[in-house]
Amino acid sequence: MSESSVLLYFDDELTLAQALGHEANLPLACIERHVFPDGEIKLRLPVPLPCKVVLLRSLHQPNTKLVEVLLAARTARELGAQHLTLVTPYLAYMRQDIAFQPGEAVSQKIVGRFLAELFDAVITVDPHLHRISTLREAIPCPQALTLTAAPLLADFVHSQCQDALLIGPDEESEQWISAAARQHGFDHGVCRKTRHGDKHVEVELPDVPVHGRHVVLLDDIASSGHTLAQATRLLLQAGAKTVDVAITHALFSGDAVQVVHNAGVRHIWSTDTVAHESSCVSIAPLLARALSELGPAD
Ligand code: R5P
């Protein structure tokens, strides 16, 4: 990439920014951030800015970060950025995609339009899109690219265990399970899940023999960890030899890691869309390829 571009990042994402800058051949510049005692944020962008700006911001713990993204994008435009790309490896607020009860905010549409007004292009990994088929339906900006980490996770799982049985903990994981299974010919199956509350899920195992198998639960997100924990308990009761988990977005809120290990999970493997102790698969090359392939806007 030429000197007419820069990758802006926040200091808490330095590691991923360095990897992406290296892979995409983009110079890096840090956005300085000050948080006032009342929680307000002041940002300072590097000046001068080139005409093409890429902003890296993963949106776990999203409420503050959406304000950061707003301040950074508007300031970058003020400073002359003509083409603004958001690389958001984890894109929040995609799960509430319909009003399940009258009066509920449809966050996916609201946050999607908010980002579309700020950016010319948005790139993300495994967003939680289940009732729509393209990211652009949620984020109607000129270019909205969805990448998947499932093949990378599949490669990693294969490097650890060639005869793993891949299990998706709910119907929505089917897309990632099939992509990963295709890659290495893993046996696979998908559970059915009923959610009764943030930390209360019921899981039904698929009709696949698990006795004596090394099972890997593969999913997009671990948040409270209860989905993985419940699936793990059932798999171990059904005679699975080991249960490991491989996930794209390691949100792991509160005591989630403990919840998952207490259920009997052996290893947790994740990508670095969100920096976490379990991160062992880098999505930087995938993001860099997408940046290089961003064609001219429609
Ligand atoms: C939802 O359908 C996702 O694919 C995950 O299964 C879910 O977000 C996990 O949430 P938690 O870890 O809180 O059970």
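This is a predicted model, so every value here is computed, not measured. As the structure lists them, so they are numbered: ligands from 1, and atoms in each ligand from 1. For reference, positions follow the sequence shown, starting with 1.
Counting only distance, with no hydrogens or angles, the side chain of Ser270 and the backbone of Ser279 share a donor-acceptor pair below 3.5 Å.
Ring planes of His34 and Phe36: perpendicular class, angle over 60° (limits at 30 and 60°).
Other members of the hydrophobic cluster containing Val243, listed by chain and number, are Leu165, Ile167, Val201, Val203, Leu205, Val208, Val210, Val215, Leu217, Leu228, Leu234, Leu235, Leu236, Val245, Ile247, Phe252, Val257, Val260, Val265, Ile268; membership follows side-chain contacts under 4.5 Å among ILVMFWY residues, whether direct or relayed. Connectivity analysis of hydrophobic side chains (ILVMFWY, heavy atoms under 4.5 Å, direct or indirect) links Val35 to nothing; its cluster partners are none.
The six-membered or imidazole ring of His130 lies near that of Trp176, with a centre-to-centre distance under 6.0 Å.
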Which donor-acceptor pairs under 3.5 Å do side chains of residues 146-156 form with protein atoms, sequence neighbours excluded?
| residue | atom | partner | partner atom | Å |
| --- | --- | --- | --- | --- |
| Thr148 | OG1 | Asp126 | OD1 | 2.7 |
| Thr148 | OG1 | Ala150 | N | 3.1 |
| Asp155 | OD1 | Gln183 | NE2 | 3.1 |
| Asp155 | OD1 | His184 | NE2 | 2.7 |

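Around ligand 1, the residues contributing at least one heavy atom under 4.0 Å from the ligand are Arg95, His128, Asp170, Glu172, Lys193, Arg195, Asp219, Asp220, Ile221, Ala222, Ser223, Ser224, Gly225, His226, Thr227.
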